[in-house]
Amino acid sequence: MTDTRFDARFDPGQADARWQRAWEDARCFEAGSDNDRPKSYVLEMFPYPSGRIHIGHVRNYTMGDVLARYKRMRGHEVLHPMGWDAFGMPAENAAMEKGVHPSGWTRENIANMKAQLKRIGFALDWSREFATCDAEYYGHEQALFLDLYEAGLVYRKESEVNWDPVDMTVLANEQVIDGKGWRSGAEVEKRKLNQWFLKITHFAQDLLDGLGALDGWPDKVRLMQENWIGKSRGLQFRFDLSDGQGLEVYTTRPDTIFGASFVAVAADHPVARNVAADNADAQAFIEECKRGGTTAAELEKAQKLGFDTGLTARHPFTGEALPVFIANFVLMDYGTGAIMAVPGHDQRDFEFASKYELPIPRVVAASAADAGQPFMGAAEPGDGVIVNSGFLDGMGVEAAKRAVTERAEEEGWGSGRTVWRLRDWGVSRQRYWGTPIPFIHCGKCGVVPVPKDRLPVELPEDVDFRTPGNPLQRHPTWKHVDCPQCGGKAARETDTLDTFTNSSWYFLRFASQPDGRPFDPGEVADWLPVEQYIGGIEHAILHLLYARFWTRALQHIGQLDFAEPFASLFTQGMVTHETYSRRDPDDGKRSYFLPDEVERRSDNAILKSDGFPVEIGRVIKMSKSKKNVVDPDEIVARYGADAVRWFMLSDSPPERDLPWSEAGIEGCWRFVQRLWRLFGHFDAAATGDDQALDRKTHQTIAAVAEDIEALSFNKAVARIYELASAVEKAEPGSSRNAAIRTILLLVSPMMPHLAEEAWQAIGTGGLVAGAAWPVVDEGLLVEDEVTIAIQHKGKLRDTLSVPKGASKEALEELALASEKVQRSIDGAEVRKVIVVPDRLVNIVT
RNA sequence: GCGGGUGUGGCGGAAUGGUAGACGCCGGGGACUUAAAAUCCCCUGGGCCACGGCCCGUGUGGGUUCGAGUCCCACCACCCGCACCA
């Protein structure tokens, strides 16, 4: 007996939209905090509104959606919001290229992408949606920025920037390619500009310490942040120079101080500039250093180059006069921009000393007896015993570090110092499409904060992108204001904030949106920290570090009472696809084809338009240039949201890359229909128990729950397939009915539309979106029969089915009685029998 | 160079130190059909086979163990991050 309502195929074309509307009408996914349910905040990194959702978004949001829906089924009140990281360069580029306004362009993109997301059926709380380009949002951001300024965490200083003279804008390091602007192609200049900074270094130690407790984060990300923060302990000390000046250097290896054979300063170090002032050769050398590229490959090849200043530095212990070089490998912005060079125990110093024929003394050796050992063509940076070092001889490296530091401090020429790689966060951008920095420059009063009651400082609408540069700077009226302090004529700051500031607190605004303030601390405390944050590994450092900083900073000024915004972080893999291409026989150029243009056979592929084969390339990250992209809209239209969602969860573990394939999505589509037919086998009139099926059902409930909580969606999917197969083989009856309803509930977070459609027919009323996760009967989790493996010398010979809990003696006896085992033993003497109850018996002869 | 990760069938991948390859995809065979689609069933790591089974097999080489994909040591390959950070 089957249910005729399931005779027709499941048609996502009509079902998807219907259920999406039903959820919206019922306001299913709007989160409220005024109840006793445990709170779960599930968040995926919000998208930049580029225009189209891409498949990577779909994977990211599907994972979050399954978790959010699952948590709801487990009785949690779930906050699962969505919004738009809406400021940024692409909008300005579009404005320059197409003559559209960044705002209009962005709003249109948001509308399109929102419609796309809705078609995939995500359980999102759209009532909390906002875009960071909403004046309301960035106004609150300005207020927070002013609060941080009040607290001394914001400052302004002159600093060097990459300046593109054609586009008249500052470029980030990654926008400078081979010394040229990535858009204009113009030679990039170093310029000094007054820039706004956030004092992230104030929290360097805190940010580092906090990582230790973030055990819901991948070790990889924690390590990356740790390296980025880059704490090092060392000695900073002063050399007396032959010209009477002092030179501060920093070293992490004070133990090797007796091995110093020269001193080196960076090309832009004041000592270098001094020397260059009346020395043309030095000047030329410094210029040359500045030209050197900074890419990995260039540095690899770059020779260690130096310029002998003629100055000498007096060694603090030996009094020896060490030559002072300007060296291209010394960085001005680390430590003091000057080093003591110990060629024996630092590879860079070694290369330099070898080139300029400077002494390479040994001061660390494997043992005191090896004090005279020569170097084998490389420095020895490792551990050992200090030698040739006066009072340090015989000490270990660590002890010697302490001893030197103590002496330096006693004698007053140096002290222990911690140096960080982390720099303060430069947030000034000379661009239009960002949060205006809420300050006013007054000739009399200096830099004056905009009073909070005059926030937001709104972006002007009437801007012109036809000429390069910052439209805010050029705007005829916008920047002219009266000074809030003296009332005199003054000018607005025309820089805007780095877009990473927008994403540094959006998760707070999702949790709480009171009028007139950024957020309500109490309401934020209901939801935060985010229980599960999901996004790409590309944000491992910048966004995630900035968000941690911002949260700490708000805690510091008493607006929050927690420091870490994201309790658990998950970084999902990319969606990949093979490439299809062909080399032009004439010019050898390779052209790529979209998957849609190609007919993929099992072992080759042909171009549909001409019937000739194309080359099948490696499975790589989807990119427009390689055309190995699929459009979520098209596949959702073709297969329905549920098949696409199912694909996103199947097969590949979520942290790894997921290869998209036509065959794979076809398989998902078939499974959607197979489930649909399966649901049609629900027969309310059927009776009869099947304990084996009951066990399978309950084991699956428990396993799928565990898998979803571990975000191991691929395993949950496999479990569901298994149960589905078992149900298909089962006889009609109450057990089968229960199993069918169970599958329906288990798949409902993953295939919510199919689940609603079937629930309407065979469920217990209401929306499945409001149904509870099935309860596990613990008693059914344990098998009463187990399969025992019988091994002979570690190799499997036989299996036995025995009642669970059978005694060791019984198992041994059964194992030895096995014909196959006896044949394998072949009369040899049994020396030992290992019995693992309910698992195996291993007979050793 | 430094740091981290990953290596399992044709492919994606399962596997608390205990039956390697669950589950999916591809492929093969069959059923249903006038035919196709859809669906269902069976097979599907390699090699032998007397059809009872046997041998080999988780990147390579060692080791620990009654037993290793899993633990230890060394090596190889690939991927990711950082990079002249003193």
Side-chain angles (χ1 to χ4, degrees), chain A residues 9 218-224 226-228 230-232 234-235 249-254 256 264 266 292 294-296 298-300 302 304 327-331 333-342 345-349 351-352 381 419-421 537-538 540-541 576 578 601-603 619 646-647 650-653 655-668 670-671 673-674 677 712 714-722 724-725 728 787-800 819-820 823-824 831-836 838-845:
Chain A
R9 283 187 163 205
D219 290 342
K220 181 188 172 74
V221 175
R222 291 200 275 177
L223 196 72
M224 283 166 76
E226 188 181 323
N227 291 339
W228 186 263
K231 181 181 184 176
S232 83
L235 172 69
V249 300
Y250 173 74
T251 179
T252 54
R253 292 295 303 272
T256 63
T294 54
T295 65
E298 283 168 321
L299 290 174
E300 198 79 27
K304 303 285 177 282
N328 66 342
F329 68 94
V330 179
L331 305 174
D333 58 1
Y334 187 80
T336 62
I339 61 165
M340 73 165 194
V342 184
H345 306 285
D346 181 285
Q347 185 57 27
R348 295 152 302 176
D349 300 351
E351 288 168 31
F352 189 93
V419 166
W420 303 87
R421 209 189 82 104
I537 186 74
E538 67 273 18
I541 295 174
T576 57
E578 49 188 30
R601 279 97 171 261
S602 64
D603 53 359
V619 177
W646 189 251
F647 187 99
S650 302
D651 296 347
S652 290
E655 69 279 8
R656 292 211 211 156
D657 289 350
L658 171 68
W660 176 268
S661 75
E662 198 66 25
I665 184 68
E666 292 277 357
C668 294
R670 282 199 298 272
F671 186 61
Q673 298 302 336
R674 188 174 148 204
R677 288 191 299 275
S712 297
N714 56 322
K715 293 192 222 167
V717 162
R719 294 284 193 169
I720 291 168
Y721 274 116
E722 279 188 64
S725 295
E728 283 167 343
T787 306
I788 303 287
I790 313 296
Q791 297 179 334
H792 175 218
K793 292 196 283 191
K795 285 187 191 258
L796 182 71
R797 293 297 164 201
D798 202 356
T799 57
L800 290 176
E819 200 183 311
K820 290 174 185 171
R823 205 183 317 129
S824 179
R831 290 192 291 132
K832 199 172 176 185
V833 180
I834 283 122
V835 182
V836 182
D838 296 335
R839 278 221 177 260
L840 62 63
V841 179
N842 190 10
I843 294 155
V844 186
T845 58

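All chains are named by letter (A, B, ...) in the order of the sequence lines, taking the proteins before the strands, and each is independently numbered beginning at 1. On a predicted model such as this, the values are computed, not experimentally measured, just so you know.
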Euclidean distance, atom [atom1] of residue [X] to atom [atom2] of [N] [Å, nearest integer]:
X	N	atom1	atom2	result
A/N842	B/G67	CG	P	8 Å
A/I537	B/C82	CD1	P	10 Å
A/L840	B/A68	CG	C1'	13 Å
A/R674	B/C23	CZ	C1'	10 Å
A/R831	B/U65	CZ	P	13 Å
A/E819	B/C54	CD	P	12 Å
A/D798	B/G53	CG	P	9 Å
A/R839	B/A15	CZ	P	14 Å

What interatomic distance, in whole Å, is found between [atom1] of [M] and the corresponding atom of [N]?
N	M	atom1	value
B/U16	B/U70	C1'	11 Å
B/C2	B/A83	C1'	8 Å
B/G61	B/G69	P	13 Å
B/C75	B/G1	P	13 Å
B/C26	B/G10	C1'	7 Å
B/G47	B/A37	P	31 Å
B/G9	B/U44	C1'	10 Å
B/U33	B/A22	C1'	34 Å

So what does [X] touch, heavy atoms closer than 4.0 Å: a base, only the sugar-phosphate, or nothing?
X	answer
A/V330	base
A/T787	base
A/Y250	base
A/V844	sugar-phosphate

Would you mind reporting whether [Y] and [X] have side-chain heavy atoms less than 4.5 Å apart?
X	Y	value
A/F352	A/V330	no
A/D219	A/R222	yes
A/I790	A/V841	yes
A/T251	A/V249	no
A/I339	A/D349	yes
A/R719	A/K715	no
A/Q791	A/I834	no

[options]: which one has an atom nearest the side-chain heavy atoms of [X]?
X	options	value
A/T799	B/A22, B/U19, B/G18	B/U19
A/N328	B/C84, B/A86, B/U16	B/C84
A/K820	B/G53, B/A86, B/C82	B/G53
A/Q791	B/A83, B/C84, B/G18	B/G18

Would you mind telling me which residue lines up with the more 5' stretch of RNA chain B, A/A663 or A/M340, judged by nearest nucleotide?
A/A663
Which residue lies more 5' along RNA chain B, comparing A/R9 with A/W228 via nearest heavy atoms:
A/R9
Can you say whether the rings of A/F647 and A/W660 are parallel (under 30°), tilted (30 to 60°) or perpendicular (over 60°)?
tilted
Measure the acute angle between the ring planes of A/F671 and A/Y721, then classify it against the limits of 30° and 60° as parallel, tilted or perpendicular.
tilted
Does [X] make a side-chain N or O approach to OP1 or OP2 of [N] shorter than 4.0 Å?
X	N	result
A/R670	B/C25	yes
A/R677	B/C40	yes
A/Y334	B/A86	yes
A/K795	B/C56	yes
A/R797	B/U19	no

Any protein N or O atoms within reach of nucleotides 44-51 of chain B? Criterion: under 3.5 Å, listing atom names and distances.
none

Closest non-hydrogen atom pair between A/M340 and A/P254, with its separation
CE-CA, 4.4 Å
Say you draw a straight line from [atom1] of [X] to [atom2] of [Y]; how long is it, rounded to the nearest 0.5 Å?
X	Y	atom1	atom2	answer
A/L658	A/T576	CG	OG1	6.5 Å
A/L796	A/N842	CG	CG	10.0 Å
A/W420	A/W228	CH2	CH2	15.5 Å
A/D651	A/R656	CG	CZ	12.0 Å
A/H792	A/R797	NE2	CZ	7.5 Å

Regarding B/G52, purine or pyrimidine glycosidic angle vs 90° from 0 gives syn
Could you check B/G46 for me: syn (within 90° of 0) or anti?
anti
Wobble G-U and Watson-Crick pairs count when both distances are under 3.5 Å; given that, what is the 5' to 3' dot-bracket string of RNA chain B, with | for pairing to other strands?
(((((((..(((.....[....))).(((((.......))))).((((....))))..(((((..]....))))))))))))....
Encode nucleotides 3-14 of chain B as B, S and - characters from 5' to 3', where the letter depends on protein heavy atoms closer than 4.0 Å: B to the base, S only to sugar-phosphate, - to neither.
SS-SS----BSS
